[in-house]
Q: 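Before I ask anything, let me first share the structure, which is written out below as structure tokens.
Because the structure is predicted, anything quoted here is derived from the model rather than measured.
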Amino acid sequence: MQASKLSTLTLAVAAAVALSACGKKEEAAPAGAASAPAAASAGNVIKIGFAAPLTGPQSHYGEEYKNGVTLAIEDANAEKPTIGGKPVTFELDAQDDQADPKTATQLAQKFVDGKVAGIVGHFNSGTSIPASKIYSDAGIPMIAMATSPVFTSQGFKNTFRSMTSDTQQGGVMGKFAVEKLHAKKIVIVDDRTAYGQGLADEFEKAARAAGGDVVKREFTNDKATDFTAILTSIKGANPDVVFYGGADAQSAPMVKQMKRLGLKSPLISGEMTKTPTFLQLAGKEADGTIASLAGLPLEQMPGGKDYEARYKARFKADVATYSPYGYDAARTLIQAMEQANSADPKVYLPVLAKITHQGVTSSNWTYDEKGDLKDGGITVYKVENGQWKVMETVGGGAAAKDASAAK
């Protein structure tokens with residue numbers, strides 16, 4: 001009986017050991033099988049990070065921007081790219097930074113931890129500037145839409161733009177207001193963001209240098225919609241023009257309230273006002289508004305007509321403002337990887353810094369030592385009968401074209 005129990009116990013232990021061994025083999029096999037495809041995926045898929053406001057009042061900027069990057073990656077993949085002698089696929093990792101600096105830095109660390117090869121974004125200067133430090137520490141290149149001069153003045157080697165800086169844009173508009181609009185008394189309002197205040201600062205410098213008198217400077221914030229108090233104060237100054245540094249979510253209600261209060265001064269602003277959304281929000285009161293936008297008008301861009309047709313076919317929407325620049329940024333990043341024959345940031349970053357790209361927005365997309373575009377142009381637009389019309393174009397790889405030439 002005892003022997004029988006012992007025999008039974010021995011058999012049970014042996015069976016348990018056997019099952020344990022089998023269990024280990026079964027667990028090891030799937031792990032090995034899973035790791036091989038994962039390794040292959042890591043070698044064949046190159047992730048490009050993207051960050052912009054995809055929710056909230058600035059989401060229309062971010063969505064259109066993202067569409068351009070999406071189209072660029074789809075076009076690149078259709079060309080069956082190879083890097084290091086192996087076929088690769090580019091994959092977009094798009095994230096919503098909500099136009100919030102804190103969220104942007106959290107996403108930046110997430111991108112770094114996820115080992116993305118490069119970043120297109122962020123959109124806002126206020127998000128791009130803090131995020132750039134994190135990407136710089138990790139050695140990851142970023143091509144941002146940010147226009148604040150601070151962005152590329154930090155001494156980082158990884159920061160590049162896809163539009164001209166506020167120094168260029170604000171300078172053009174300040175001079176334009178005085179010399180072309182004959183404005184002597186000027187009022188400036190900004191939203192106190194890195195973008196809005198930076199653009200307003202550059203506008204003020206240029207306007208004063210051209211002989212204009214800035215009689216009043218006010219500020220609001222990027223969430224405000226009621227500007228009655230500010231505008232009532234401005235009306236008393238009787239300005240020739242009012243310049244606003246900020247987004248269309250504020251400039252549209254501002255221009256409506258200006259006209260209701262009887263302010264006859266035209267509103268001047270930057271590229272975040274030069275949007276279809278501004279026209280929709282401001283309605284008939286939009287007429288007379290003047291805004292600048294980096295680069296050439298879409299119809300004058302080297303690849304503008306073809307891009308417009310393909311964008312409409314892909315997204316069933318019109319090109320607004322930012323998508324062509326997002327497209328060129330993504331294609332430039334990919335071109336640098338292909339020319340370097342590597343998606344390793346430390347290998348292709350020097351190539352990106354010296355690149356010459358023939359894109360949609362420019363036939364000569366190149367960077368200076370700071371990461372600013374060398375050949376960025378500025379176009380000035382005016383709303384007439386509910387539509388943005390070209391007034392003047394300066395630079396951008398083409399001879400300057402005035403309104404009569406544009407028409």
Q: Looking only at side-chain N and O atoms, does D93 offer a donor or acceptor that is under 3.5 Å from a partner on Q95?
A: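 Yes.
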
Q: Counting N and O atoms only, with roles assigned by atom type, does the side chain of D368 sit under 3.5 Å from a partner on the main chain of K370, one being a donor and the other an acceptor?
A: yes

Q: How about Y61 and D248: does a side-chain donor come under 3.5 Å of a side-chain acceptor?
A: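 Yes, because at least one side-chain N or O of Y61 sits under 3.5 Å from a partner of the opposite role on D248.
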
Q: Decide yes or no on side chain to side chain contact (heavy atoms under 4.5 Å, CB included) for F203 and V214, but give the supporting numbers first.
A: CA-CA 10 Å; F203 175 89; V214 178; 5.9 Å; no

Q: Looking just at side-chain N and O atoms, do T159 and Q154 make a donor-acceptor pair shorter than 3.5 Å?
A: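 Per modelled atom types, T159 and Q154 side chains form no pair under 3.5 Å.
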
Q: Go through the steps for F176 and M391 under the test side chain to side chain contact (heavy atoms under 4.5 Å, CB included), then give the verdict.
A: CA-CA 11 Å; F176 183 88; M391 294 183 75; 3.8 Å; yes

Q: When you measure from the side chain of D191 to the backbone N and O of G246, does any donor-acceptor pair fall under 3.5 Å?
A: no

Q: Could you tell me whether the side chains of S148 and S125 share a donor-acceptor contact shorter than 3.5 Å?
A: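 No.
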
Q: Say whether, by atom type as modelled, one donor and one acceptor occur between the side chain of Q335 and the main chain of T356 under 3.5 angstrom.
A: yes

Q: Report, as yes or no, whether the 6.0 Å neighbourhood of atom CZ on F219 holds more than 12 heavy atoms from other residues, nucleotides or ligands.
A: no

Q: Please confirm whether the ring centroid of F50 lies under 6.0 Å from the ring centroid of Y65.
A: yes

Q: Under 4.5 Å between any side-chain heavy atoms of T127 and L107, yes or no?
A: no

Q: Could you check whether any side-chain N or O of E64 sits under 3.5 Å from a backbone N or O of A320, counting only pairs where one atom can act as donor and the other as acceptor?
A: yes

Q: Testing the basics here: between Q358 and S363, what is the closest heavy-atom pair and its distance to 0.1 Å?
A: CG-O, 3.5 Å

Q: Can you list the residues that meet the ring-ring contact (aromatic ring centres under 6.0 Å, His included) rule with Y325, with sequence neighbours excluded?
A: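 ring-ring contact (aromatic ring centres under 6.0 Å, His included) check on Y325 returns nothing, list empty.
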
Q: T273 and V255: side chain to side chain contact (heavy atoms under 4.5 Å, CB included), yes or no, with the steps?
A: CA-CA 11 Å; T273 288; V255 77; over 6 Å; no

Q: Just by modelled atom types, is the D222 backbone N or O under 3.5 Å from a matching donor or acceptor in the Q250 side chain?
A: yes

Q: Any side-chain to backbone donor/acceptor pair from K274 onto Y381? Under 3.5 Å, distance only.
A: no

Q: Salt-bridged, K205 to D201, with N to O below 4.0 Å?
A: no

Q: Under the criterion side chain to side chain contact (heavy atoms under 4.5 Å, CB included), I'd like the reasoning laid out for H122 against F151: C-alpha separation, chi angles, the key distance, then a yes or no.
A: CA-CA 11 Å; H122 297 222; F151 175 63; over 6 Å; no

Q: With a 4.5 Å heavy-atom cut-off, do R314 and T70 have their side chains touching?
A: yes

Q: When rounded to the nearest 0.5 angstrom, what distance separates OG in S323 from CG in D318?
A: 10.5 Å

Q: Could you list the residues that satisfy ring-ring contact (aromatic ring centres under 6.0 Å, His included) with Y307, not counting sequence neighbours?
A: Y311, Y327

Q: Flag the pair V120 / L92 as yes when at least one side-chain heavy-atom distance between them is below 4.5 Å, and no otherwise.
A: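 No, their side chains stay 4.5 Å or more apart.
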
Q: Answer whether the closest heavy-atom distance between the side chains of I186 and E204 falls below 4.5 Å.
A: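 No, too far: nothing below the 4.5 Å cut-off.
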
Q: Using side-chain heavy atoms (C-beta onward) and a distance below 4.5 Å, is Q339 in contact with Y348?
A: no

Q: Which atom names give the shortest non-hydrogen contact between P53 and A99, and what distance separates them?
A: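 Closest heavy-atom pair between P53 and A99: CB-N, 3.8 Å.
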
Q: Measuring only between side-chain heavy atoms, which start at C-beta, is L71 closer than 4.5 Å to E74?
A: yes

Q: I want to check something: taking the side chain as every heavy atom from C-beta on, are L261 and T232 in contact at a cut-off of under 4.5 Å?
A: yes

Q: Give a yes or no on whether the backbone of Y244 and the side-chain of S269 come within a donor-acceptor separation of less than 3.5 Å.
A: yes

Q: Sub-3.5 Å donor-acceptor pair from the side chain of D372 to the main-chain atoms of F160, do we have one?
A: no

Q: Are I378 and T164 side-chain neighbours, meaning at least one heavy-atom pair lies under 4.5 Å?
A: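 When only atoms from C-beta onward are counted, T164 and I378 do touch, with a gap below 4.5 Å.
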
Q: Between R192 (side chain) and Q197 (backbone), is there a donor-acceptor pair under 3.5 Å?
A: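 Flag not set: sc R192 to bb Q197 has no pair under 3.5 Å.
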
Q: Examine the side chains of T147 and D166 and answer whether a donor and an acceptor come within less than 3.5 Å of each other.
A: yes

Q: Between N67 and E63, do the side chains contain an N or O donor and an N or O acceptor separated by less than 3.5 Å?
A: no

Q: Taking the side chain from K80 and the backbone from N77, do they hold a donor-acceptor pair closer than 3.5 Å?
A: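 Not confirmed, K80 side chain does not pair with N77 backbone.
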
